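If you're wondering where the values come from, they're calculated on a predicted model, not measured in any experiment.
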Amino acid sequence: MLTVSAQFTIMNLERERIMKTNIKIRIWYLLVSAVLVLLGLLSRKLSFIPYCFGDALWAMVVYCCWRIILVNKSHKVTALSALITSYIVEISQLIRWNWLVSIRATFLGHLLLGQGFQRSDLLAYTVGIVLVFLFDTVIMKYIEKREEQ
């Protein structure tokens, strides 16, 4: 039987391991987000890339941002949060308050909040989040298996 101090030591070591892992995971999602943003910006410059591709990438970035925040929650919770966020942002484009329109007129506001509601964007967001969810789930299972070996 372990002493109380030995149990606390083991718990602290486990907590430190989890915190280090969480930091690595958050950095991973931050880097993936940066790559997705660059691909999204590039998709708007190249005419042969379908417009909906950039919308799907935007939703993938939203997923990654939620993963950074919800690192200890399930991937399903993250996907649902990203989907709800994406839908709210798209539906909010129907709102024409002057201050909101002026924010959307800026470069950053346009990237984050969009410009003009389109139902097809909802489909692109859904496809993007489903793809990143599946990819993320497979990658994380692979990483967990490698760490067990």
Fill in: Rounded distance (nearest 0.5 Å) linking atom CG of Leu111 with atom OG1 of Thr106
8.5 Å
Practice prompt. Check step by step if side-chain contact (heavy atoms from CB on, under 4.5 Å) holds for Tyr29 and Asp136.
Written response: CA-CA 10 Å; Tyr29 286 111; Asp136 191 28; 2.6 Å; yes
Item to complete: Using side chain to side chain contact (heavy atoms under 4.5 Å, CB included) as the criterion, point out the one residue from Leu38, Leu39, Val32 that pairs with Val35.
Response: Leu39
Item to complete: Let me see the working for Tyr142 and Val138 under side-chain contact (heavy atoms from CB on, under 4.5 Å), right down to the final yes or no.
Response: CA-CA 6 Å; Tyr142 173 76; Val138 168; 5.6 Å; no
Worksheet, complete the sentence: dist Leu113:CG -> Ile95:CD1 (nearest 0.5 Å) comes out at 10.5 Å
Fill in: Rounded distance [0.5 Å steps], CD1 in Ile25 versus CG in Leu30
13.5 Å
Item to complete: Would you please test Trp66 and Lys73 for side-chain contact (heavy atoms from CB on, under 4.5 Å) and show each step?
Response: CA-CA 10 Å; Trp66 274 115; Lys73 299 290 183 188; over 6 Å; no
Discussion item. A quick test of your reading: do over 12 heavy atoms of other residues, nucleotides or ligands sit less than 6.0 Å from CZ of Phe117?
Written reply: yes
Worksheet item: Under 4.5 Å between side-chain heavy atoms, hopping through other hydrophobics if needed: is there a path connecting Ile91 to Val101?
Response: no
Worksheet item: Should Leu123 and Val132 be regarded as members of a common hydrophobic cluster, given that ILVMFWY residues are connected when their side-chain heavy atoms come within less than 4.5 Å of each other, either directly or indirectly?
Response: yes
Fill in: Shortest non-hydrogen contact between Ser43 and Gly54, atoms and distance
OG-CA, 3.5 Å
Fill in: Whether Glu90 side chain and Gln118 backbone form a donor-acceptor pair below 3.5 Å
yes
Item to complete: May I have the step-by-step check of side-chain hydrogen bond (donor to acceptor under 3.5 Å, both in side chains) for Tyr63 and Ser86, ending in yes or no?
Response: CA-CA 9 Å; Tyr63 176 92; Ser86 300; over 6 Å; no
Worksheet item: Do the side chains of Ile88 and Trp99 join up, straight or via other hydrophobic residues, at under 4.5 Å, putting them in one cluster?
Response: no
Fill in: Atom pair CG/CD1 of Leu57 and Ile49 - distance to nearest 0.5 Å
8.5 Å
Worksheet item: With a 4.5 Å heavy-atom cut-off, do Cys52 and Asp121 have their side chains touching?
Response: no
Worksheet item: Would Arg44 and Asp55 pass as an ion pair if we require N to O under 4.0 Å?
Response: yes
Item to complete: Give a yes or no on whether Leu80 and Met140 share a hydrophobic cluster (residues Ile, Leu, Val, Met, Phe, Trp, Tyr; joining criterion: side-chain heavy atoms under 4.5 Å apart).
Response: no
Worksheet item: Can any side-chain N or O of Trp58 pair as donor or acceptor with the backbone N or O of Phe53 at less than 3.5 Å?
Response: no
Response to the item:
Val89 and Leu112 have their tightest heavy-atom pair at CG1-O, 3.7 Å
Fill in: Under 3.5 Å donor-acceptor, Arg104 side chain and Gly109 backbone
no
Practice prompt. Measure the SG-CG distance between Cys65 and Leu70 for me, rounded to the nearest 0.5 Å.
Written response: 11.0 Å
Worksheet item: Between Leu122 and Leu94, is there a shared hydrophobic cluster once you connect ILVMFWY residues whose side-chain heavy atoms come closer than 4.5 Å?
Response: yes
Worksheet item: Roughly how far, to the nearest 0.5 Å, is CE of Met60 from CD1 of Ile129?
Response: 9.0 Å
Worksheet item: Is it true that the side chains of Arg67 and Ser81 contain a donor and an acceptor less than 3.5 Å apart?
Response: no
Worksheet item: If only atom types and distance count, is the side chain of Thr78 paired as donor or acceptor with the main-chain N or O of Ser74 below 3.5 Å?
Response: yes
Worksheet, complete the sentence: What one should report as the nearest heavy-atom pair of Arg26 and Ile69 is NH2-O, 4.1 Å
